[in-house]
Engineer: 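Here you go, one structure.
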Amino acid sequence: MTAFSRVRNAARDGGRLASLRSALGVRSFVGQMFVLQVVTVLLLVTAAAVTIYIQMDRNQHAAAFNRTLAVATTFANSPGLVDAMRSPDPTAVLQPRTEAVRKALDAGAVVVVNTAGIRYTHTDPSLIGEHFVGDVQPALAGEIVQESLDAPLGPAVQSIVPVRDASGAVIGAVACGIQVETITVNFSARVPLLAGALGAVLLTLAGTAFITRRLLKQTRGLGPSEITRLYENHDAVLRSVREGVVILDGDQRLLLANEEARRLLELPEDAQGRPLADLGLAPATTELLASAREATDEVHRFGGRLLAVNHRPMDLHGGPPGSVTTLRDSTELSVVAGRAEAAQRRLRLLYEASVRIGTTLEVVRTAEELTEVGVPEFADYITVDLVDEVVHGAEPVASGTGMYRAATRGVREDHPLYVTGGGVTLDTTAEEVRGLLLGHARAERDLPGTTWWRAADPDHARELIDYGFHTLISAPLHARGVVLGVVNFWRAGASPAFSDEDLSLAEELAARTAVCVDNARRYAREHTMAVTLQRSLLPSALPPQNALEAASRYLPAQAGVGGDWFDVIPLSGTRVALVVGDVVGHGLHAAATMGRLRTAVHNFSALDLTPDELLGRLDELATRIDEDEAAEYGAGAITGATCLYAVYDPVDGTCALARAGHLPPALVLPDGTVRFADLPAAPPLGVGGVPFETTTLDLPEGSRLVLYTDGLVETRTRDIDGGLERLRAALAAAGPGPEQTCDTVLDRLLPDRPADDVALLVARTRTLPADQVASWDVPANPTAVAPLRAAVSRQLADWGLDETAFITELILSELITNAIRHGSAPIRVRLLRDRALICEVSDSSSTSPHLRNATDTDEGGRGLFLVSQYADRWGTRYTPEGKVIWAEQRMPEND
């Protein structure tokens with residue numbers, strides 16, 4: 001053999017070895033099958049070994065149980081056993097016999113026990129006479145017992161057999177135990193081994209069949225030469241076909257693109273394997289190739305070409321994940337594509353108009369939205385003129401020609417069109433203008449050659465022509481039989497003139513805008529009426545009083561006014577009531593309901609009721625109103641309204657509060673500490689069935705009491721707990737004054753246009769100085785009146801109120817005399833010097849005096865009449881201890 005032959009044979013052998021190593025490599029399919037077979041054999045061997053071990057263990061235990069049962073049964077039925085057990089010394093007779101049996105049969109132990117479970121025999125003589133260890137009771141009852149034991153030398157089993165006499169009665173038992181490991185199993189261990197071997201063979205055959213089937217599926221039964229020829233034909237077809245072919249895998253990566261596809265799509269050389277998003281295709285083409293929908297001859301523009309695209313996902317037809325797309329150059333269809341694009345543009349513009357016009361219920365903003373949609377997609381410039389009455393929410397005048405320029409927008413800012421906010425006048429002498437006012441759109445494609453649009457302002461029209469305006473569409477904003485305004489679409493410069501299709505599109509845009517403008521106008525009117533009503537129902541200014549320094553805010557909701565309200569009501573004895581409430585809903589009905597509740601609170605507070613009593617009566621009123629309106633209209637009006645009522649007394653610095661479904665007030669102490677008052681919860685007004693409770697708080701002077709409605713702390717995106725924490729932080733950072741507190745809270749918690757109306761009331765407490773309060777205890781004796789009158793005169797002199805002494809003494813004399821005659825002790829008199837001079841007489845009786853007209857023959861009945869004549873106001877309020885009759889006098893004016 002020549003040297004060349006040896007080298008050639010060595011290279012051939014090396015190539016075969018390399019090919020074999022490649023075939024058996026883990027990455028190759030054959031290599032994977034080889035690894036699978038090795039793993040399968042290992043699993044089979046392991047399974048066989050485990051099976052053999054488990055089977056031998058089971059057989060070993062079964063053999064041990066059988067041997068112990070045979071020994072125990074044989075010994076229990078052996079002759080003379082019964083006589084031996086009944087002999088005077090059973091152990092002497094049976095111990096040698098059991099030991100002989102144990103040794104002869106290689107048993108672990110043979111034990112005989114009596115009916116009490118006491119051993120007669122045992123391998124260890126020292127344990128004879130002890131109680132048997134094991135479950136012997138079933139055997140003494142006549143049953144055979146087999147059990148497993150954990151002996152010191154390893155696992156063991158034992159069998160216990162009852163011993164019966166000639167009559168069948170059980171007189172004892174025989175137990176035989178043995179170590180499991182002493183049992184050897186030979187034949188039984190071979191059966192699972194044979195079964196495991198057979199299973200291994202069957203699994204090997206199944207694995208071979210699987211591998212063969214998988215290989216046939218991968219190669220489709222083709223040989224190497226056939227596979228090569230198939231690839232060559234595939235490559236020739238892709239090169240010769242005049243359509244672009246693009247194949248993507250399931251991860252949207254480019255698997256294949258022929259030369260035509262690379263040319264049409266201008267793909268780079270390294271495009272294969274790159275993601276679809278990195279190929280630089282048009283967005284519409286990228287969206288189609290990435291989608292799972294089928295497309296046939298769908299036209300796409302790319303690189304100045306019109307491509308007819310056919311797209312088919314492969315997995316929809318049983319193939320692998322991915323898609324196949326063919327491309328064909330269809331530039332000759334440009335005219336058709338242009339029309340389709342124009343139609344698509346119009347549809348897109350109409351869709352944008354339906355989505356973006358009318359997003360708010362504001363007239364001017366709606367007009368601005370039309371200009372934002374139409375420029376520059378449809379026109380170069382758009383102006384919107386509205387009838388003056390429409391801008392203010394009123395009904396438009398049919399014959400009116402005065403317009404308000406509501407919106408102007410263009411592609412450039414230096415245009416000569418009228419600016420927004422100015423007035424525009426229409427010239428109704430032109431037939432075209434009269435047509436606009438009747439609801440007919442007008443397209444003018446030659447502005448320099450026409451005059452009707454110039455009549456109102458010829459100089460301005462000349463400026464427009466000089467600027468370059470050449471085409472105009474005027475479309476009326478026509479809704480519900482009334483023209484609300486006019487919208488003008490302008491084109492200038494190089495832009496093409498409007499077509500007939502553009503005229504119908506302009507009419508459609510104007511019609512949609514007109515409906516939105518009319519809705520906004522109607523809303524503006526209703527909103528103005530509701531706001532006017534609510535403002536008239538809310539307090540225009542807080543009443544004068546010295547107990548509190550108060551500030552308030554009310555913000556109507558973006559969607560309309562609601563039923564939130566607040567109030568500050570001066571009461572007798574320098575006390576002040578603070579009220580805040582909320583009626584569910586918005587609009588006129590909610591505002592009217594709020595007014596009814598506020599009026600009722602004013603009336604009930606005049607009776608000097610405690611907070612829980614006032615809310616109870618308000619709840620009864622709401623229930624009656626709901627019942628009446630439910631019978632008439634089918635639905636209640638007040639159910640769901642909430643209210644918080646608080647009464648502050650500046651004399652002792654206490655505040656009594658009760659709530660009906662309302663949020664608790666916030667308290668800001670003089671040191672800046674913020675907390676929420678812990679008030680008992682109660683249902684809203686109109687629900688009924690649960691009594692209200694009053695809570696009394698001691699408020700240091702300078703404390704701020706913050707009452708609010710839920711619109712302040714709760715929104716669609718923020719729950720009440722989060723809102724309360726934000727309120728706490730705002731109050732902690734606010735200044736000490738009520739006005740400062742209101743401003744800080746609103747700035748930090750509310751947007752410019754809240755979704756719900758908000759009422760906020762902040763009151764900083766004051767206390768009445770001690771030198772402005774005087775009180776005396778009065779004995780229940782008419783003789784005490786004169787000394788008390790003298791004491792009151794001295795106190796009035798100290799206060800510089802000598803002018804009021806005579807009337808005050810007269811009033812107190814009548815009130816004290818009534819208390820002595822008709823009331824009960826203790827009787828107390830109190831003078832308060834505030835904005836008025838207040839006289840109070842209290843006793844423990846709950847009987848209230850009544851004013852009446854005394855006749856000439858009556859000896860009494862004139863005291864309260866005199867009080868009502870000399871006092872500016874008088875009345876009675878009840879306390880837990882009784883009642884207080886009070887009278888107020890105006891303070892004398894200072895010189």
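Computation of the quantities below employed the complete heavy-atom set of this structure, encompassing side-chain atoms and omitting hydrogens, waters and symmetry-equivalent molecules.
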Engineer: How long is the span from the CD1 atom in I838 to the CD atom in E888, to the nearest 0.5 Å?
Structural biologist: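 Here the rounded value is 4.5 Å.
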
Engineer: Under 3.5 Å, side chain of D649 to main-chain N/O of V651, donor-acceptor pair present?
Structural biologist: yes

Engineer: So for atom CZ, which belongs to F806, do other residues, nucleotides or ligands contribute more than 12 heavy atoms lying within a distance under 6.0 Å?
Structural biologist: no

Engineer: For residues 824-836, which residue pairs pass the side chain to side chain donor-acceptor pair (under 3.5 Å) check, not counting sequence neighbours?
Structural biologist: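 Only N546-D834, N546-R835, S775-R828, D777-R828, S824-S844, R830-E840 qualify under side chain to side chain donor-acceptor pair (under 3.5 Å).
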
Engineer: For the side chain to side chain contact (heavy atoms under 4.5 Å, CB included) test, which of V583, T709, L555, D564 pairs with D757?
Structural biologist: D564

Engineer: Hey, could you give me each pair passing salt bridge (Lys or Arg N to Asp or Glu O under 4.0 Å) that has a residue in residues 784-799? Not counting sequence neighbours.
Structural biologist: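 Qualifying pairs: R789-E809.
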
Engineer: Decide side-chain contact (heavy atoms from CB on, under 4.5 Å) for I820 and V785; before the verdict, give the C-alpha distance in whole Å, the side-chain angles of both, and the deciding distance to 0.1 Å.
Structural biologist: CA-CA 10 Å; I820 295 174; V785 176; 4.2 Å; yes

Engineer: So, do V829 and L815 sit near enough that their side-chain heavy atoms are less than 4.5 Å apart?
Structural biologist: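 Side chain of V829 against side chain of L815, heavy atoms only: no contact under 4.5 Å found.
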
Engineer: Take C643 and L618 through the side-chain contact (heavy atoms from CB on, under 4.5 Å) test and state the conclusion after the steps.
Structural biologist: CA-CA 9 Å; C643 183; L618 198 62; 4.2 Å; yes

Engineer: Indicate every side-chain donor-acceptor pair of residues 695-703 with a distance under 3.5 Å to a residue at least two apart or in another chain.
Structural biologist:
unit_1, atom_1, unit_2, atom_2, d
E701, OE1, T767, OG1, 3.0
S703, OG, P700, O, 2.7

Engineer: Once rounded to the nearest 0.5 Å, what's the spacing between atom OH of Y648 and atom CG of L571?
Structural biologist: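 Y648 atom OH to L571 atom CG measures 13.5 Å (nearest 0.5 Å).
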
Engineer: For A805 and L796, which heavy atoms make the closest approach, and how far apart are they?
Structural biologist: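 Between these two residues, the closest heavy atoms are CA-CD1, 3.5 Å.
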
Engineer: Report yes if some heavy atom in the side chain of V792 is under 4.5 Å from a heavy atom in the side chain of W776; otherwise report no.
Structural biologist: yes

Engineer: Is there side-chain contact between V601 and I569, with at least one heavy-atom pair below 4.5 Å?
Structural biologist: yes

Engineer: Do R704 side-chain atoms and V762 backbone N/O form a donor-acceptor pair below 3.5 Å?
Structural biologist: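 Not at all, since once roles are kept as given, no pair shorter than 3.5 Å links the two residues.
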
Engineer: To the nearest 0.5 Å, what is the distance between CG (L644) and CG (L707)?
Structural biologist: 4.5 Å

Engineer: Does anything in residues 719-728 form a side chain to side chain donor-acceptor pair (under 3.5 Å)? List the pairs, not counting sequence neighbours.
Structural biologist: none

Engineer: Applying salt bridge (charged side-chain N to carboxylate O under 4.0 Å, His left out), run through R553 and E739 and close with a yes or a no.
Structural biologist: CA-CA 9 Å; R553 297 289 188 274; E739 293 288 346; 2.8 Å; yes

Engineer: Measure across A660 and L615 and return the closest heavy-atom pair with its distance rounded to 0.1 Å.
Structural biologist: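 Closest pair (atom of A660, atom of L615, distance): N-CD1, 4.0 Å.
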
Engineer: If you measure from the Lys or Arg side-chain nitrogens to the Asp or Glu carboxylate oxygens, is any gap between R365 and E369 under 4.0 Å?
Structural biologist: yes

Engineer: For the pair R575 (side chain) and S572 (backbone), establish whether a donor and an acceptor sit closer than 3.5 Å, ignoring hydrogens and angles.
Structural biologist: yes

Engineer: Hey, could you give me the CG/CZ distance between L760 and F566, rounded to the nearest 0.5 Å?
Structural biologist: 9.0 Å

Engineer: Side-chain contact, heavy-atom cut-off 4.5 Å: R766 with P650?
Structural biologist: no

Engineer: Just by modelled atom types, is the P769 backbone N or O under 3.5 Å from a matching donor or acceptor in the Q772 side chain?
Structural biologist: no

Engineer: Atom CD1 in I807, atom SG in C839: separation rounded to 0.5 Å?
Structural biologist: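 With rounding to 0.5 Å, CD1 (I807) is 10.5 Å from SG (C839).
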
Engineer: Is it the case that the side chain of S605 and the backbone of H602 share a donor-acceptor pair, with hydrogens and angles ignored and the cut-off at 3.5 Å?
Structural biologist: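 Side chain of S605 to backbone of H602, a donor-acceptor pair under 3.5 Å: yes, one is there.
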
Engineer: Assess whether atom CZ of R525 is packed by more than 12 heavy atoms of other residues, nucleotides or ligands within 6.0 Å.
Structural biologist: yes

Engineer: If you count the non-hydrogen atoms of other residues, nucleotides and ligands that lie under 6.0 Å from CZ in R890, is the total more than 12?
Structural biologist: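 Counting neighbours around CZ of R890, 12 or fewer heavy atoms of other residues, nucleotides or ligands fall under 6.0 Å, so no.
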
Engineer: Donor-acceptor check, side chain of D619 to backbone of G686, threshold 3.5 angstrom: yes or no?
Structural biologist: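 Indeed, once roles are kept as given, a pair shorter than 3.5 Å links the two residues.
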
Engineer: Check G358 against T366 and note the closest heavy-atom contact, atom names and distance.
Structural biologist: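 Here G358 and T366 meet closest at N-CG2, 4.3 Å.
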
Engineer: If every non-hydrogen atom of A819 is compared with every non-hydrogen atom of D843, which pair is closest and at what distance?
Structural biologist: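 Answer, listing the atom of A819 first, then D843: CB-OD2, 4.0 Å.
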
Engineer: Give me the atom names and distance for the closest heavy-atom approach of L548 to A763.
Structural biologist: CD1-CB, 4.0 Å

Engineer: Are N818 and I885 close enough, and set up right, to give a side-chain contact (heavy atoms from CB on, under 4.5 Å), and what steps lead you there?
Structural biologist: CA-CA 10 Å; N818 280 338; I885 303 177; 5.5 Å; no

Engineer: Count the heavy atoms of every other residue, nucleotide or ligand shown that sit under 6.0 Å from CG of D747, and state whether that count exceeds 12.
Structural biologist: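 More than 12 within 6.0 Å, yes.
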
Engineer: Would you confirm whether R598, through its side chain, and W565, through its main-chain N or O, come within 3.5 Å as a donor-acceptor pair?
Structural biologist: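 Pair absent, no side-chain N/O of R598 close to backbone of W565.
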
Engineer: Please report the C-alpha distance between L761 and V580 in whole Å, then the side-chain angles of each, then the deciding distance to 0.1 Å, and finally whether the side-chain contact (heavy atoms from CB on, under 4.5 Å) criterion is met.
Structural biologist: CA-CA 8 Å; L761 179 61; V580 67; 5.6 Å; no

Engineer: Less than 4.5 Å apart, side chain to side chain, heavy atoms only: is that true for L386 and V363?
Structural biologist: yes

Engineer: Could you tell me the separation between the CD1 atom of I811 and the CD atom of Q889, rounded to the nearest 0.5 Å?
Structural biologist: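 It is 4.0 Å, given to the nearest 0.5 Å.
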
Engineer: Show the nearest heavy-atom pair for residues D608 and W886, with the distance to one decimal.
Structural biologist: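 That closest heavy-atom pairing would be OD2-NE1, 3.5 Å.
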
Engineer: Can you list the residues that meet the side-chain hydrogen bond (donor to acceptor under 3.5 Å, both in side chains) rule with N781, with sequence neighbours excluded?
Structural biologist: T783

Engineer: Give every donor-acceptor pair under 3.5 Å between a side-chain atom in residues 661-672 and any protein atom, sequence neighbours left out.
Structural biologist:
unit_1, atom_1, unit_2, atom_2, d
H662, ND1, T642, OG1, 2.8
H662, NE2, Y708, O, 2.6
D671, OD1, T673, N, 3.1
D671, OD1, T673, OG1, 3.0
D671, OD2, T673, OG1, 3.2

